[in-house]
**Student:** 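Pasting a structure here, questions to come.
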Amino acid sequence: MDIKEMLEPELVKFSFKSDTKEEAIEKIVDLMNENGYLSDKEQYLKDVYAREAETATGMGMGLAIPHARSAGVKKTCFSLIHLEKKIKWESLDDQPVEFIIMLAVPKDENSEFLSLLSGLSMKLVDDEFRENLYAAQTIEDVYQIFE
C-alpha cells in the first residue's frame, strides 16, 4: 500500500483549533464526513470512542493515532492534523499531543487496515520523518515527506 497515494488534501490540516481530545476527534470525524468518506458519522464516532476505551491511542512523541474499522466508513482514509496547541491525551509517554493521524477503514477491510496502520507506524518512529512532519506548513511539504 502506497501511503502517499492515500493522502487526501482535504484531510490534511495545519493550526487545527481544538481544546480537548473529544473536540478534536469530533471535528476530525466531521471533516471526514463532510468530504464523503463516511456513510454513518455517528457509527464511526461510536467505534472510535470504543477503540479509545480499549487502549490509549497516544503513541508518545506528541502523536496520537485514533482509529476504527467501522460499518460507518465508506472509503478508507486518514487525516493528518497538526494542532494549533498541544492537548491532553492518554499516551505512552504521558505527554500532550500536537499531531493527530486518524484512520477510518470499512469494517470488512482488515488487511487494508493493518497495512495502513503498520505503514504509518513504521514511518512515525523515524525521528527525521516525524520532525519533518511537524515542520510541514503546506500539503506540498507533506507530500514530499511521504516520498
Side-chain angles (χ1 to χ4, degrees), residues 1-52 56-89 91 95-147:
M1 168 180 293
D2 185 354
I3 295 173
K4 182 182 175 194
E5 287 182 15
M6 294 189 69
L7 274 172
E8 300 293 347
E10 65 270 13
L11 297 180
V12 178
K13 299 294 177 190
F14 305 95
S15 299
F16 196 80
K17 291 177 177 32
S18 184
D19 294 321
T20 66
K21 170 184 170 177
E22 293 74 20
E23 181 184 17
I25 287 172
E26 290 174 20
K27 286 174 74 174
I28 297 168
V29 169
D30 284 343
L31 185 65
M32 290 176 169
N33 190 53
E34 290 162 8
N35 285 285
Y37 294 95
L38 306 180
S39 56
D40 184 338
K41 175 181 128 177
E42 295 308 318
Q43 181 63 54
Y44 175 63
L45 186 60
K46 179 180 160 192
D47 292 335
V48 169
Y49 280 131
R51 174 62 185 85
E52 287 293 315
T57 57
M59 49 179 293
M61 304 167 290
L63 285 165
I65 306 182
H67 57 277
R69 285 186 314 124
S70 173
V73 176
K74 230 190 294 194
K75 178 183 173 196
T76 297
C77 68
F78 69 96
S79 68
L80 290 174
I81 305 295
H82 196 167
L83 296 166
E84 182 178 68
K85 64 179 182 180
K86 295 179 182 183
I87 58 175
K88 185 177 181 336
W89 199 292
S91 61
Q95 296 300 307
V97 162
E98 71 175 283
F99 214 96
I100 303 169
I101 300 173
M102 185 181 285
L103 284 64
V105 180
K107 190 166 188 71
D108 58 348
E109 293 291 337
N110 194 42
S111 63
E112 190 171 71
F113 171 71
L114 293 174
S115 178
L116 179 58
L117 186 59
S118 66
L120 281 168
S121 296
M122 286 187 343
K123 288 186 176 299
L124 292 169
V125 295
D126 179 86
D127 291 338
E128 184 179 349
F129 178 86
R130 219 174 34 258
E131 288 168 15
N132 289 336
L133 192 59
Y134 286 177
Q137 299 290 314
T138 67
I139 186 66
E140 290 78 19
D141 294 342
V142 172
Y143 279 126
Q144 272 192 312
I145 294 163
F146 276 91
E147 293 263 324

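Quick caveat, the model's predicted, so the values are computed rather than measured.
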**Student:** Classify the angle between the aromatic ring planes of Phe78 and Phe146 as parallel (below 30°), tilted (30 to 60°) or perpendicular (above 60°).
**Tutor:**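 Phe78 and Phe146: tilted rings.
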**Student:** Over all heavy atoms of both residues, which pair between Leu7 and Val12 is shortest? Give the atoms and the distance, please.
**Tutor:**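 That would be CD2-CG2, 4.3 Å.
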**Student:** Working note: Val73 + Met32, criterion side chain to side chain contact (heavy atoms under 4.5 Å, CB included); need CA distance, chi angles, decisive distance, verdict.
**Tutor:** CA-CA 9 Å; Val73 176; Met32 290 176 169; over 6 Å; no
**Student:** Nearest 0.5 Å, please: how far is CD in Glu109 from NZ in Lys75?
**Tutor:**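 It comes to 12.5 Å.
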**Student:** Nearest 0.5 Å, what's the NZ-CD distance between Lys86 and Gln95?
**Tutor:**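 Taking NZ in Lys86 and CD in Gln95, the distance rounds to 7.5 Å.
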**Student:** If we ignore hydrogens and angles and just use 3.5 Å, is the side chain of Asn132 paired with the main-chain N or O of Glu128 as donor and acceptor?
**Tutor:**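 A pair under 3.5 Å: yes.
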**Student:** Identify whether the distance between the nearest side-chain nitrogen and carboxylate oxygen of Asp47 and Arg69 falls below 4.0 Å.
**Tutor:**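 No salt bridge links Asp47 with Arg69.
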**Student:** Can you tell me how far CE of Met59 sits from CD1 of Ile65, rounded to the nearest 0.5 angstrom?
**Tutor:**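 Ile65 CD1 to Met59 CE: 5.0 Å, rounded to 0.5 Å.
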**Student:** So Tyr37 and Lys74, do their side chains get closer than 4.5 Å, heavy atoms only?
**Tutor:**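 Not in contact.
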**Student:** What is the minimum heavy-atom distance between Ile139 and Pro9, and which atoms define it?
**Tutor:**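 So the minimum-distance heavy-atom pair works out to CD1-CA, 3.9 Å.
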**Student:** Closest heavy-atom contact between Ala56 and Ser91?
**Tutor:**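 Shortest heavy-atom separation between Ala56 and Ser91 comes out as CB-N, 4.4 Å.
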**Student:** Would you check, one step at a time, whether the test side chain to side chain contact (heavy atoms under 4.5 Å, CB included) holds for Tyr49 with Glu26?
**Tutor:** CA-CA 10 Å; Tyr49 280 131; Glu26 290 174 20; 3.0 Å; yes
**Student:** Check the pair Lys13 / Leu31 against side chain to side chain contact (heavy atoms under 4.5 Å, CB included), numbers first and verdict last.
**Tutor:** CA-CA 10 Å; Lys13 299 294 177 190; Leu31 185 65; 3.8 Å; yes
**Student:** Mind checking the CG-NE2 spacing from Leu120 to His67? Nearest 0.5 Å is all I need.
**Tutor:**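 Between Leu120 CG and His67 NE2, I get 11.0 Å after rounding to 0.5 Å.
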**Student:** Could you tell me which non-hydrogen atom of Ala24 sits nearest to which non-hydrogen atom of Phe16, and how far apart they are?
**Tutor:**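 Result for this residue pair: O-CE2, 4.4 Å.
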**Student:** Who passes salt bridge (charged side-chain N to carboxylate O under 4.0 Å, His left out) against Lys88, sequence neighbours left out?
**Tutor:**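 With sequence neighbours excluded, Lys88 shows a salt bridge (charged side-chain N to carboxylate O under 4.0 Å, His left out) to no residue whatsoever.
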**Student:** Inspect the contact between Asp127 and Arg130 and indicate whether a charged nitrogen and a carboxylate oxygen are less than 4.0 angstrom apart.
**Tutor:**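 Salt bridge: yes.
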**Student:** Name the one of Leu11, Leu80, Thr57, Ile28 that satisfies side-chain contact (heavy atoms from CB on, under 4.5 Å) with Ile101?
**Tutor:**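 Of all the options given, the one that passes is Leu80.
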**Student:** Could you tell me whether a side-chain N or O of Asp126 sits under 3.5 Å from a main-chain N or O of Lys123, the two making a donor and an acceptor?
**Tutor:**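 No.
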**Student:** Could you go step by step and tell me if Leu124 and Leu133 meet the side chain to side chain contact (heavy atoms under 4.5 Å, CB included) rule?
**Tutor:** CA-CA 9 Å; Leu124 292 169; Leu133 192 59; 3.9 Å; yes
**Student:** Do the non-hydrogen side-chain atoms of Tyr44 and Asn33 ever get within less than 4.5 Å of each other?
**Tutor:**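 Tyr44 does not reach Asn33 side chain to side chain.
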**Student:** Short question: side chain of Glu23, backbone of Asp19 - any donor-acceptor pair under 3.5 Å?
**Tutor:**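 Yes: the side chain of Glu23 pairs with the backbone of Asp19.
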**Student:** If you define the side chain from C-beta out and look only at heavy atoms, does anything of Lys27 sit under 4.5 Å from Lys17?
**Tutor:**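 Yes, their side chains come closer than 4.5 Å.
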**Student:** Looking at every heavy atom in both Tyr134 and Gly62, which two are closest together, and how far apart are they?
**Tutor:**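 Closest heavy-atom pair between Tyr134 and Gly62: OH-C, 3.4 Å.
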**Student:** What closest approach, in Å, do Val97 and Leu83 show between heavy atoms, and which atom pair accounts for it?
**Tutor:**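 Here Val97 and Leu83 meet closest at O-CD1, 3.5 Å.
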**Student:** First locate atom CD1 of Ile81, then atom OG of Ser18, and finally report the distance between them rounded to the nearest 0.5 Å.
**Tutor:**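 Output value for this atom pair is 10.0 Å.
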**Student:** Could you state the interatomic distance from CG (Asp30) to CG (Leu45), rounded to the nearest 0.5 Å?
**Tutor:**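 Asp30 CG to Leu45 CG: 8.5 Å, rounded to 0.5 Å.
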